There are 2 protein chains.
Amino acid sequence: MSLRMALLGLLVTKGPTNGYALTRTFADSLSHVWSAQHSQVYPELARLAETGLVTVQDEGPRGQKRYTVTDAGRDALRHWLTEVEPNRTVRNENALRAFLLPTLDREDAARLVRKEAEYYQRRTEEITRQRDMLRDPQSTGFGVYAAELGVRISSAIADWAEWAEARLEAERARGNGG
Amino acid sequence: MSLRMALLGLLVTKGPTNGYALTRTFADSLSHVWSAQHSQVYPELARLAETGLVTVQDEGPRGQKRYTVTDAGRDALRHWLTEVEPNRTVRNENALRAFLLPTLDREDAARLVRKEAEYYQRRTEEITRQRDMLRDPQSTGFGVYAAELGVRISSAIADWAEWAEARLEAERARGNGG
DNA sequence: GGATACATGTAATGAGTTACATGATTCC
DNA sequence: GGAATCATGTAACTCATTACATGTATCC
């Protein structure tokens with residue numbers, strides 16, 4: 001369902017677009033929000049067209065198909081956003097690794113946490129840069145809300161990793177655990 | 001892979017445990033980290049046993065089977081945590097809804113964001129309570145690291161929702177967008 | 001004796017990944 | 001003319017959800 005809605009939303013915001021470009025968007029600007037491979041995008045677009053939520057507006061060179069969202073598609077998107085209870089299922093590999101941290105000895109745990117801290121610091125910088133290009137309060141630009149959320153989550157994880165590093169060090173100093 | 005590792009990790013930390021109890025753990029204490037239904041847990045345990053990463057230690061009343069992790073299982077877990085590059089794929093329904101927020105009119109968007117703020121405030125309180133029961137610096141307790149991460153992420157989302165609410169209100173005041 | 005919780009499984013379906021397969025246009 | 005990029009698809013497999021199916025122990 002989420003992929004379906006992501007595609008409808010992208011078509012609403014970008015206007016007529018082909019599957020290739022939509023796939024690129026998942027890999028580029030949407031990568032910290034939702035991801036999908038072309039092998040998932042093309043069949044999904046076909047299904048959306050079958051259901052009448054999108055239509056093939058025109059076909060271009062190299063077999064290109066540009067899709068547009070229909071009124072039914074807009075309705076479906078709005079309905080999903082406003083009426084359907086969000087799926088709160090959490091499946092966070094990062095958090096899982098955090099949970100399993102205490103199964104490692106101190107050196108391994110410290111190394112892992114350091115790597116995470118570095119990764120999320122870099123990532124926070126990257127998303128922050130993206131957000132700052134959209135941040136202008138005049139902009140009703142798409143992606144501002146998502147970018148802001150991305151920055152906040154990413155920097156929260158980076159901070160956690162710093163905290164965990166310090167805590168592991170404190171444990172070491174006390175000669176605890178292992 | 002992650003479910004596999006979650007099960008190995010739980011068996012390492014809890015000692016011999018049956019599938020029913022492991023499933024309960026996913027629903028209770030692990031729910032903000034990783035989730036899995038019993039229909040996924042039982043076959044996965046069977047596969048782990050086939051591969052020799054766990055063994056059935058004993059069988060109890062009501063057909064109960066208690067699994068223990070083997071040395072090979074411990075090695076596999078450690079290898080995954082220290083050598084395997086984490087899967088950074090993001091598929092965050094929340095962030096997706098955030099991204100799609102500007103496709104809604106102001107009232108709908110504000111209502112959505114308000115609901116999210118409330119949900120994540122409640123959730124933050126709940127995880128905070130869990131964390132505080134583990135927080136004692138003497139504790140090498142399992143779950144401290146994951147609980148701390150959960151609190152930080154959850155409160156980051158709650159803060160974001162407050163920010164988004166204010167930003168939508170500012171847009172309204174300026175008579176912007178729709 | 002009846003409700004509830006414990007306990008384990010399978011089947012059908014949907015979602016997502018990796019690999020296979022093909023061809024057209026553009027850039028150099 | 002060759003490489004890179006644009007462009008679309010399918011197949012096999014893994015992962016996850018929902019529903020179906022069954023039986024046992026305990027609590028009251």
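Basis for what follows: all heavy atoms, side chains included, without hydrogens, waters or symmetry-related copies. Just so it is clear, the model here is predicted, and its values are computed rather than measured. Convention: sequence-line order gives letters A, B, ...; per-chain numbering from 1.
- Within the structure, ring-ring contact (aromatic ring centres under 6.0 Å, His included) contacts touching residues 42-89 of chain B (residues at least two apart or in different chains) are B:H38-B:Y42.
- At the phosphate of C:dT8, neither OP1 nor OP2 sits under 4.0 Å from any side-chain N or O atom of B:Q64.
- When the P atom of D:dT5 is taken as reference, atom CG of A:D28 falls 13 Å away, rounded to whole Å.
- Whole-Å rounding puts the A:E44 CD to D:dT8 P distance at 15 Å.
- Counting non-hydrogen atoms under 4.0 angstrom, B:S2 reaches nothing in the nucleic acid.
- Nucleic acid contact class of A:R47 (heavy atoms, under 4.0 Å, all strands): none.
- What separates CE of B:M1 from P of C:dT17 is a distance of 16 Å, to the nearest Å.
- A:K65 and A:E59 are not joined by a salt bridge, as no carboxylate oxygen comes within less than 4.0 angstrom of a charged side-chain nitrogen.
- Position along DNA chain C of the nearest nucleotide to A:G63 versus A:R4 favours A:R4 as the more 5'-ward residue.
- Using a 4.0 Å heavy-atom distance criterion, A:Q37 is classed as a base contact.
- Applying the 4.0 Å criterion to OP1 and OP2 of C:dT8, one finds that B:N18 has a side-chain N or O inside that range.
- Counting any heavy atom pair closer than 4.0 Å across all strands shown, B:S39 reaches a base atom.
- Considering only side-chain N and O atoms, A:Y42 lies nowhere under 4.0 angstrom from the phosphate OP1 or OP2 of D:dG9.
- Ion pairing between A:E171 and A:R106 fails under the 4.0 Å rule for side-chain N and carboxylate O.
- For the pair A:R24 and D:dC6, the criterion of a side-chain N or O lying under 4.0 Å from OP1 or OP2 is met.
- Around the CG atom of A:D71, the shell of radius 6.0 Å holds no more than 12 heavy atoms that belong to other residues, nucleotides or ligands.
- Phosphate contact (OP1/OP2 of C:dA15, side-chain N/O of A:R91, threshold under 4.0 Å): absent.
- A close approach under 4.0 Å does occur between a side-chain nitrogen or oxygen of B:Y20 and OP1 or OP2 of C:dC6.
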